[in-house]
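Heads up: the structure comes next, in C-alpha cells.
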Amino acid sequence: AKAAGRACYQVFETRMHEQLLDRLDQETRLREAVHRGELRLHLQPVVEIATRQLRGVEALVRWEDPEHGLQQPGAFIPLAEETGLITEIDRWMLTEACRAVQEWRESSPETAPKWVSVNLSAANLEVPDLTDRVAYSLSSTGLPPECLVLELTETVLMRDIAVTSERLDELRELGVRIAIDDFGTGYSSLGYLRDIPVDVLKVDRSFITGIVGNERQQELVSAVLQLGTTLGLKVVVEGVETEEQADLLVEMGDRFAQGYHLGRPEPVASLRARLAADSIA
Ligand code: C2E
Ligand code: CA
Ligand code: CA
Ligand code: CA
C-alpha cells in the first residue's frame with residue numbers, strides 16, 4: 001500500500017510538473033503572440049433595434065494560435081489577466097480597433113459605425129499612462145474621440161471609487177465615452193452610478209435569456225431602460241439571440257442591442273463586405 005501510495009504521489013507530482021510547464025509554455029506563447037502579430041480584431045455589430053441598422057461595433061479579441069487554431073477570449077484572457085499580459089493585449093486592440101474604424105469611416109462613411117467600443121480589463125486602471133495611451137491611439141489613427149467607447153465591468157469600477165472616478169474623468173476629458181459592461185451582474189449597489197461618470201450601460205445577456213414569456217424579467221429590463229433614460233445614458237442590451245427577444249425589446253422601447261441574432265463577431269473585412277452587399281440588395 002505504501003509503495004502504491006508513493007507511486008501515486010509520483011504520478012501526481014509529475015502531472016503537477018507537466019501542468020506547470022504547460023502553463024509556462026502557454027504564457028510564453030501568448031507573450032510571443034502579441035509581438036508576432038497573432039492577435040486578431042473581430043467586430044460585433046450594435047444595432048438600432050427598431051430598424052436593425054448598424055450603429056456601433058464592439059471590438060473582441062481572438063488569437064490565431066499557429067498550433068491550435070483560432071482561440072476565443074475565454075481560452076486565453078484569464079491567463080493574460082493573471083500574468084499582466086492583458087494590458088499589452090488591450091493596448092493592441094485599442095489601436096487596432098481605432099485604426100479599423102477610422103479607415104472604414106474614411107472609405108465608406110455611409111456604412112461605417114458611429115462608434116467602436118473596446119474592452120479594458122481591471123489592470124488597465126493601474127497603468128499610469130492609460131490616458132496617454134488612449135490619446136495616442138486616437139491621434140495616431142485619426143479617430144475622433146467621440147467615436148470611442150471604453151467598456152469596463154461593474155466590478156472593476158467598484159474597486160476604488162475615488163481612484164476610478166478620477167481615471168474616468170481624465171479619459172472623458174479626452175472626449176471618449178465610458179460604458180459599464182455586464183451591467184447587473186456585479187454585487188454592487190446602484191450607488192456608484194451617482195459617483196462614477198459613465199455614458200453607456202450594457203445590460204448583461206443573462207437578463208435577456210428567458211425573457212420571452214417572463215413578465216417579471218421584462219419589467220426588470222424595462223426598469224433598467226427607464227433608469228438609463230432618466231440618467232441620460234445610452235443603454236445597449238446584450239445577448240439577443242432570437243427574433244422574439246428582438247421584437248419584445250422594440251415593444252419595450254429599447255434602442256440599441258447586440259447579439260448573435262443581430263450579428264456575430266467577425267473580422268472587419270467580412271463585416272464590411274456583408275454590409276455593403278446588404279445595402280445594395
Ligand atoms: P463581453 O465584453 O461581455 O463581450 C460579449 C461576449 O458575448 C463576446 O464573447 C460575444 O461574442 C458574446 N456574444 C455576443 N452576442 C451573443 C449572444 O447573442 N449570445 C451569446 N451567448 N454570446 C454572445 P467573446 O468574444 O468570446 O468574449 C468574451 C469576453 O472576453 C468578453 O465579454 C470580454 O469580457 C472579454 N474580451 C473580449 N475581447 C477582449 C479584449 O480585447 N480585452 C479584454 N480585456 N477583454 C476582452
Ligand atoms: Ca464588452
Ligand atoms: Ca458584456
Ligand atoms: Ca463579460
Side-chain angles (χ1 to χ4, degrees), residues 37 39-62 64 73 88-120 124 130-152 168 170-181 197-202 228 232-238 240 254-281:
L39 297 183
R40 298 286 174 268
L41 167 74
H42 280 204
L43 297 178
Q44 183 177 29
V46 176
V47 307
E48 187 159 307
I49 187 85
T51 60
R52 307 294 159 91
Q53 293 280 328
L54 179 119
R55 284 290 175 266
V57 285
E58 177 172 3
L60 294 160
V61 70
R62 303 291 182 258
E64 184 96 56
E88 293 278 312
I89 294 177
D90 286 351
R91 193 220 289 246
W92 184 85
M93 283 291 284
L94 182 63
T95 305
E96 200 60 19
C98 291
R99 189 200 324 276
V101 169
Q102 180 57 15
E103 199 183 283
W104 190 348
R105 283 164 43 85
E106 282 166 4
S107 58
S108 357
E110 61 296 337
T111 61
K114 303 257 178 293
W115 75 84
V116 56
S117 56
V118 174
N119 292 284
L120 292 183
N124 289 284
L130 176 66
T131 307
D132 293 343
R133 286 186 182 189
V134 173
Y136 182 75
S137 293
L138 292 168
S139 63
S140 64
T141 60
L143 186 76
E146 62 272 20
C147 296
L148 180 64
V149 181
L150 301 174
E151 297 195 2
L152 293 140
L168 299 190
E170 269 174 39
L171 288 165
R172 289 172 90 235
E173 271 164 32
L174 292 178
V176 307
R177 285 173 293 162
I178 307 294
I180 300 184
D181 202 359
V198 297
D199 309 279
V200 182
L201 298 183
K202 297 198 71 176
L233 306 176
K234 185 178 285 186
V235 178
V236 177
V237 174
E238 293 192 282
V240 177
D254 178 38
R255 259 195 91 195
F256 300 108
Q258 185 177 349
Y260 292 161
H261 182 66
L262 305 164
R264 287 187 176 254
E266 61 183 315
V268 189
S270 60
L271 176 60
R272 286 184 59 172
R274 221 162 37 70
L275 290 168
D278 278 359
S279 69
I280 292 162

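With Pro265 as the partner, the side-chain contact (heavy atoms from CB on, under 4.5 Å) test is satisfied by one option alone out of Gln44, Gln258, Glu58: Gln44.
Between the NZ atom in Lys202 and the CG atom in Leu152 there is a gap of 12.0 Å [rounded to 0.5 Å]. One distance of note links OG1 of Thr95 with CG of Leu41; it measures 11.0 Å at 0.5 Å rounding. For the atom pair Glu238 CD and Leu262 CG, the distance stands at 12.0 Å (nearest 0.5 Å). Separating the CG atom in Leu120 from the CZ atom in Arg91 is a distance of 12.5 Å, to the nearest 0.5 Å. To the nearest 0.5 angstrom, Lys234 atom NZ is 9.5 Å from Arg55 atom CZ. In this structure, the separation between CD1 on Ile49 and CZ on Arg255 is 12.0 Å, given to the nearest 0.5 Å.
With contacts defined as side-chain heavy-atom distances shorter than 4.5 Å, the pair Leu233/Ile180 does not qualify. For the pair Ser137/Glu96, no side-chain contact is recorded, criterion being any heavy-atom separation below 4.5 Å from C-beta on. Counting only heavy atoms from C-beta outward, the side chains of Leu148 and Leu94 approach each other to under 4.5 Å. Using a 4.5 Å heavy-atom threshold, the side chains of Leu171 and Leu168 count as touching. With a 4.5 Å cut-off on side-chain heavy atoms, Trp115 and Val200 do not count as touching. Using a 4.5 Å heavy-atom threshold, the side chains of Val57 and Leu271 count as touching. Between Leu150 and Asn124 there is no side-chain heavy-atom pair separated by less than 4.5 Å. The shortest distance between side-chain heavy atoms of Val118 and Asp90 does not fall below 4.5 Å.
Considering only residues two or more places apart in sequence or on other chains, Trp92 meets the ring pair (Phe, Tyr, Trp, His ring centres under 6.0 Å) condition with none of them.
Using a distance-only test at 3.5 Å, with no hydrogens or angles considered, a donor-acceptor pair links the side chain of Asp199 to the main chain of Ile178. Without hydrogens or angle criteria, Arg40 side chain to Gly37 main chain gives a donor-acceptor distance under 3.5 Å.
Using a 4.0 Å cut-off between a side-chain N of Lys or Arg and a carboxylate O of Asp or Glu, Glu146 and Arg177 do not qualify as a salt bridge.
The side-chain tip of Arg133 does not point at the ring of Tyr136 from less than 6.0 angstrom away and within 45° of straight on.
Taking all atoms of both residues into account, the shortest heavy-atom contact from Met93 to Leu60 is CE-C, 3.4 Å. Closest non-hydrogen pair, Val149 versus Ala179, comes out as CG1-CB, 3.7 Å. In terms of heavy atoms, Arg105 sits closest to Pro144 at NH2-CG, 3.2 Å. Taking both residues in full, the closest heavy atoms of Phe256 and Val235 are given as CB-O, 3.5 Å, listed atom of the first, atom of the second, then distance.
More than 12 heavy atoms of other residues, nucleotides or ligands shown are found within 6.0 angstrom of CD on Glu266.
Inspection of the Thr131 and Glu170 side chains reveals an N or O donor paired with an N or O acceptor under 3.5 Å.
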Worked check of side chain to side chain contact (heavy atoms under 4.5 Å, CB included) between Val116 and Trp104: CA-CA 11 Å; Val116 56; Trp104 190 348; over 6 Å; no
With side chain to side chain contact (heavy atoms under 4.5 Å, CB included) as the test, would you mind laying out the steps for Leu54 and Thr111 before giving the verdict? CA-CA 8 Å; Leu54 179 119; Thr111 61; over 6 Å; no
Side chain to side chain contact (heavy atoms under 4.5 Å, CB included) assessment of Val176 paired with Leu138: CA-CA 10 Å; Val176 307; Leu138 292 168; 3.7 Å; yes
